[in-house]
Amino acid sequence: MNSTKANKTAITPTRADNYPEWYQQVIKAADMAEVSPTRGCMTIKPWGYAIWENMQRILDNEFKATGHKNVYFPLMIPISFMQKEAEHIEGFAKECAVVTHTRLATNEEGKLVPASPLEEPYIIRPTSETIIGEAFSRWIQSYRDLPLLINQWANVVRWEMRTRLFLRTTEFLWQEGHTAHATEKEAKEETFKMLDVYVTFVENCMAIPVIKGEKTESERFPGAVSTYCMEAMMQDKKALQAGTSHFLGQHFSRGFNIKYLSENGKEELAWTTSWGVTTRLIGALIMTHSDDNGLVVPPRIAPSHIVILPVIHKEEDRASILAYCDQLAADLRAIPYYERSLSVEIDKRDLPGGEKGWSWVKKGVPIRLEIGNKEVAAQSVFMGRRDKDYKDRKVIARADFIATVLSELDDLQQQLLTRARAFREENTTVINSKEDFYRYFEKDGGFALAHWNGSADVEALIKKDLSVTIRCIPLEDKAGGAGKCIFTGEPSKQRVVFAKAY
């Protein structure tokens, strides 16, 4: 993240100079999204939405492979449904958008105003446990109806005071899985299975390393017995919660009367789960991989894998160069790549070569190919990779490039994961005293592994003093087992992950 005045960058300010503003400028330069006139919301533009579509496609295939079926539930939820689960509504009450009228009317001043109040207000979906719980109570009658495994791709609304594109907006896109099971054991197995689906996707497809763990009681999803998460480190050393999977126990089953007749003829409450990831993952992608020249997109979720840049200096060369580019693109598009074909752009815009090339660098396309008279004559390509310096380009024979393009993409994908993992390890510290802990976070910080006695009061104090939270209690304890809390001296079962977070 170091920058020097001598190195001119495509994005200003740089990460080192102003990380929050750098983030906004990367999104703008890549033409991914913009602030909407609707307060707190964003408009996702084609390049940003294509990344989301690729994420959807991969995850949706995984959900279906594990037995889940897609559904769609209404955007509006009766307020009486929310009231059936007290802990749940308490957790979301301050974020709810409420529909109170059925139509608009013109007042005496000629302005449109709400008219015809509803007998019962509706909540714009902040999450769907309540309305899905009501449906489950009707859909489930017998043990033969279980397990019930569904998912929906949808939008949700949660009022936000301070918004940031992709990371925190009033309306955002997500998927939410909801399941019901006959036993506690099956529901817990589902909770961990779906967490692992997320981890595999984020690490293998997005090249973002994560730590799996359980949330503390104060950070738990409202109404859940246990919340499990995956935490990622961004390049400013802050944590970002990349996804969650919740074991809901029988809380929602009690609230919504989700019962089934067991094999023994006894009426039982079902055990339920829910789990989800959101467009926030795009924010994680930007902050994990991008640099001072713009967006960097891992190949497996890239909207386009390759851009071909015709370099035409003389009009009489145009036809032969474009014909070469068209044939090259056709040959590349015929190559399968992780359940889709290679996506190839040919940029025929009438722009100077440098401007054209840098526009694709800023969009994060994995591979750039420049094609001019020299390449046509030699049957070659002039290749640059997004994970390398802009000037680090090389000539490759056309046939060799076609033969090795998949290995180039796979190597780029792996390099991004390796870099991100190394960065996280470099900025993760084992801390054994309160003094060192405070010193660590009063300076640059990162991830701190420290013992904690389980006290919510300690959590609250650290959050108040340092804006630091416990990100998770790692499911895999790789930091030495039991010890003593660095804040109280009391027994601690294992170290937990502390960090500042988004």
Side-chain angles (χ1 to χ4, degrees), residues 1-49 51-52 158-173 206-208 231-242 278-298 303 355 357-365 386-387 389-390 416 419-420 423-424 426-427 441-447 466-469 499-502:
M1 286 177 59
N2 293 328
S3 67
T4 65
K5 298 296 182 183
N7 295 329
K8 188 176 180 181
T9 60
I11 303 297
T12 53
T14 64
R15 290 164 291 176
D17 293 337
N18 186 334
Y19 192 84
E21 182 58 26
W22 164 84
Y23 173 81
Q24 302 287 357
Q25 291 303 319
V26 168
I27 293 172
K28 182 178 180 181
D31 203 27
M32 299 175 73
E34 65 183 13
V35 175
S36 167
T38 304
R39 181 183 170 188
C41 296
M42 64 176 169
T43 299
I44 305 176
K45 301 178 81 172
W47 194 253
Y49 197 78
I51 294 173
W52 178 243
R158 299 176 186 174
W159 286 120
E160 292 285 354
M161 295 297 292
R162 296 180 180 86
T163 58
R164 190 176 300 181
L165 294 174
F166 292 113
L167 292 179
R168 197 172 290 278
T169 51
T170 294
E171 180 188 10
F172 55 91
L173 304 180
M206 300 190 70
I208 300 175
E231 297 288 328
M233 180 184 284
M234 305 295 97
Q235 289 182 71
D236 61 351
K237 304 177 189 175
K238 288 184 179 179
L240 186 140
Q241 179 180 287
T278 80
T279 39
R280 167 176 260 230
L281 278 178
I282 299 177
L285 165 75
I286 296 165
M287 292 197 294
T288 301
H289 300 305
S290 300
D291 59 25
D292 294 335
N293 287 328
L295 183 67
V296 176
V297 188
E355 182 180 346
W358 275 104
S359 72
W360 291 101
V361 170
K362 290 185 280 190
K363 291 175 89 68
V365 172
R386 186 60 185 88
D387 62 326
D389 186 82
Y390 179 77
L416 293 181
R419 285 183 190 181
F423 182 82
R424 187 188 67 187
E426 288 166 11
N427 294 286
F441 283 111
E442 283 166 354
K443 291 182 180 178
D444 210 14
F447 281 9
L466 299 168
S467 298
V468 168
T469 55
K500 294 182 179 180
Y502 285 94

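Numbering of residues begins at 1 and proceeds along the displayed sequence.
By the side chain to side chain donor-acceptor pair (under 3.5 Å) test, Thr278 is found to be paired with no residue, residues two or more places apart in sequence or in another chain being considered. Residues passing the side chain to side chain donor-acceptor pair (under 3.5 Å) test with Tyr502, sequence neighbours excluded: Asp236. In this structure, the side-chain contact (heavy atoms from CB on, under 4.5 Å) partners of Arg168, at least two apart in sequence or on a different chain, are Glu160, Arg280. A search for side-chain contact (heavy atoms from CB on, under 4.5 Å) contacts involving Ser467 returns nothing, not counting sequence neighbours. The side chain to side chain donor-acceptor pair (under 3.5 Å) search around Gln25 returns Glu21, not counting sequence neighbours.
The two residues Gln235 and Tyr19 have their closest heavy-atom pair at N-OH, 3.5 Å. Cys41 approaches Thr170 most closely through the heavy-atom pair SG-CB, 4.1 Å. Looking at every heavy atom in both residues, Ala30 comes nearest to Lys362 through CB-O, 3.4 Å. Between Leu416 and Pro298 the shortest heavy-atom distance is CD1-CA, 3.8 Å. Heavy atoms only, all atoms of each residue included: Gly446 and Phe441 are closest at O-CE2, 3.5 Å. Nearest heavy atoms, Phe447 versus Ala239: CE1-CB, 3.6 Å.
Here the straight-line distance linking atom CD1 of Ile11 with atom CG of Leu295 works out to 9.0 Å at 0.5 Å rounding. Between the OG1 atom in Thr12 and the CG atom in Asp17 there is a gap of 9.0 Å [rounded to 0.5 Å]. The distance from the NZ atom of Lys363 to the CG atom of Asp31 is 5.0 Å, given to the nearest 0.5 Å. In this structure, the separation between CG on Leu240 and CD1 on Ile208 is 8.5 Å, given to the nearest 0.5 Å. Interatomic distance, CE of Met42 versus CG of Leu167, reported as 9.0 Å (0.5 Å rounding). Remark: Ile27 CD1 to Trp22 CH2 distance equals 9.0 Å, nearest 0.5 Å.
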Would you give me the side-chain donor-acceptor pairs under 3.5 Å for residues 284-291, sequence neighbours excluded?
unit_1: Thr288; atom_1: OG1; unit_2: Ala284; atom_2: O; d: 2.7
unit_1: His289; atom_1: NE2; unit_2: Met206; atom_2: O; d: 2.8
unit_1: His289; atom_1: NE2; unit_2: Ala207; atom_2: O; d: 3.2
unit_1: Ser290; atom_1: OG; unit_2: Ile286; atom_2: O; d: 3.1
unit_1: Ser290; atom_1: OG; unit_2: Val296; atom_2: N; d: 3.2
unit_1: Asp291; atom_1: OD1; unit_2: Asn293; atom_2: N; d: 2.8
unit_1: Asp291; atom_1: OD1; unit_2: Gly294; atom_2: N; d: 3.3
unit_1: Asp291; atom_1: OD1; unit_2: Arg386; atom_2: NH2; d: 2.7
unit_1: Asp291; atom_1: OD2; unit_2: Arg386; atom_2: NH1; d: 3.0

Set out, in order, the CA-CA distance, both residues' side-chain angles and the distance that settles side-chain contact (heavy atoms from CB on, under 4.5 Å) for Phe172 and Ile282, then state yes or no. CA-CA 11 Å; Phe172 55 91; Ile282 299 177; over 6 Å; no
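The local environment of NZ in Lys500 is crowded, with over 12 non-hydrogen atoms from other residues, nucleotides or ligands closer than 6.0 Å. Residue Trp159 places its CH2 atom among 12 or fewer non-hydrogen atoms of other residues, nucleotides or ligands, all under 6.0 Å distant.
Side-chain atoms of Ile44 and Trp52, non-hydrogen and from C-beta on, never get closer than 4.5 Å to each other. Two residues are said to be in side-chain contact when any heavy atoms from C-beta on lie closer than 4.5 Å; Met32 and Leu165 fail this criterion. A heavy-atom distance below 4.5 Å is found between the side chains of Asp387 and Arg419. At least one side-chain heavy atom of Phe166 sits less than 4.5 Å from a side-chain heavy atom of Tyr23. A 4.5 Å side-chain heavy-atom check between Gln241 and Glu231 finds at least one atom pair inside the cut-off.
In this pair, Trp47 and Trp360 present their aromatic rings perpendicular. The plane angle is above 60°, beyond the 30 to 60° band.
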